[in-house]
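From a predicted model like this one, the values you see are computed outputs, not experimental measurements.
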Amino acid sequence: MNKPKEMKFVLKKFEILDENLDSDFALCKIYICSDGKNLHGIKISLDAIMNAQESLKNKYLVAKINQEGDDFEGHEADERIIGHFPESSKMEIVQYKDRNFLTAQALISKVYASSDYFILAKGNNKGVSMEIKDIVWNEDYTVITNFSFHGVTILGDSKTPAIPNANLEMMVFESNQHYKEYIEKENADNKDLRKGG
């Protein structure tokens, strides 16, 4: 039995972490994927997720707005880049709803993707679909043991998440002071981690 070498998985966990009101970008935290079985009946091993996370850096966040202009569609041939996962993206494995999720920070352009940004800023439940390649399976094709990322697509409300209990959350800071406090805390936490404390 031959399994595909490229796939797309849908989940719904996405949150805007902070917003510098003077910035061209909004910083978002996206719950990309989790271990365990999804609605396709496929499992992804935690080791595979951890090994793949570096391949997400410098990849794109894409979307297509629907005809009404109030939500996103799905995977479309004419979806466009609205942001990216920078080299400095903070990535970590977190526990959420009894699963291990890979989270990553992405930057969304508030200048060149302003319509997309406004949809995200006003809503709370947008799906996210990871697009992966170079897939390696276990012997009976039930578990993905290795892969790398193509990118991530933001989906509209009509899409069903492939990963159970996944959802999208957004948090927009009300002022630059909130943004600065968040950044200061993040920098302090990262400094402590580098020291091993």
message = Run the side chain to side chain contact (heavy atoms under 4.5 Å, CB included) test on V128 and T153 for me, step by step, so that the C-alpha distance in whole Å, both residues' side-chain angles and the decisive distance to 0.1 Å come before the verdict.
response = CA-CA 6 Å; V128 179; T153 299; over 6 Å; no
Hey, quick one: are [X] and [Y] part of the same hydrophobic cluster, counting side-chain heavy atoms closer than 4.5 Å, chains of contacts allowed?
{"X": "I93", "Y": "V143", "result": "no"}
{"X": "I42", "Y": "L46", "result": "yes"}
{"X": "I81", "Y": "I30", "result": "no"}

Distance (rounded to the nearest 0.5 Å) between [X] [atom1] and [Y] [atom2]:
{"X": "L102", "Y": "M50", "atom1": "CG", "atom2": "CE", "result": "9.5 Å"}
{"X": "Y31", "Y": "F101", "atom1": "OH", "atom2": "CZ", "result": "8.5 Å"}
{"X": "E54", "Y": "E87", "atom1": "CD", "atom2": "CD", "result": "7.0 Å"}
{"X": "D70", "Y": "D157", "atom1": "CG", "atom2": "CG", "result": "9.0 Å"}
{"X": "Y117", "Y": "S114", "atom1": "OH", "atom2": "OG", "result": "10.5 Å"}
{"X": "S34", "Y": "I49", "atom1": "OG", "atom2": "CD1", "result": "6.0 Å"}

query = Going through the checks in order, is the side chain to side chain contact (heavy atoms under 4.5 Å, CB included) test met by V152 and F85?
reply = CA-CA 9 Å; V152 175; F85 296 87; 3.8 Å; yes
May I ask you to test the [X]-[Y] pair for a side-chain heavy-atom distance under 4.5 Å?
{"X": "D134", "Y": "F147", "value": "no"}
{"X": "I154", "Y": "L61", "value": "yes"}
{"X": "D71", "Y": "K126", "value": "yes"}
{"X": "F25", "Y": "S109", "value": "yes"}
{"X": "I144", "Y": "I132", "value": "yes"}
{"X": "D35", "Y": "I44", "value": "no"}

query = Among side-chain atoms of T142 and D140, is any donor-acceptor pair under 3.5 angstrom?
reply = yes
Looking at [X] and [Y], what are the two nearest heavy atoms and their distance?
{"X": "I82", "Y": "A63", "value": "CD1-CB, 4.1 Å"}
{"X": "L155", "Y": "G74", "value": "CD2-CA, 3.5 Å"}
{"X": "M91", "Y": "Q53", "value": "SD-O, 3.2 Å"}
{"X": "M130", "Y": "C33", "value": "SD-CB, 3.4 Å"}
{"X": "A106", "Y": "P86", "value": "CA-CD, 4.3 Å"}
{"X": "H150", "Y": "K133", "value": "CE1-CD, 3.5 Å"}

Is it the case that the side chain of [X] and the backbone of [Y] share a donor-acceptor pair, with hydrogens and angles ignored and the cut-off at 3.5 Å?
{"X": "S55", "Y": "F149", "result": "yes"}
{"X": "N51", "Y": "N146", "result": "no"}
{"X": "S89", "Y": "K57", "result": "no"}

ask   = What residues, two or more places apart in sequence or in another chain, satisfy ring-ring contact (aromatic ring centres under 6.0 Å, His included) together with F72?
value = none
request  = Please list, chain by chain and in numerical order, all residues satisfying side-chain hydrogen bond (donor to acceptor under 3.5 Å, both in side chains) with Q95, sequence neighbours excluded.
outcome  = N100
task = Output all residues satisfying side-chain hydrogen bond (donor to acceptor under 3.5 Å, both in side chains) with K59, sequence neighbours left out; order by chain, then residue number.
result = none
query = So with a 6.0 Å cut-off around CG of D98, is the heavy-atom count from everything else above 12?
reply = no
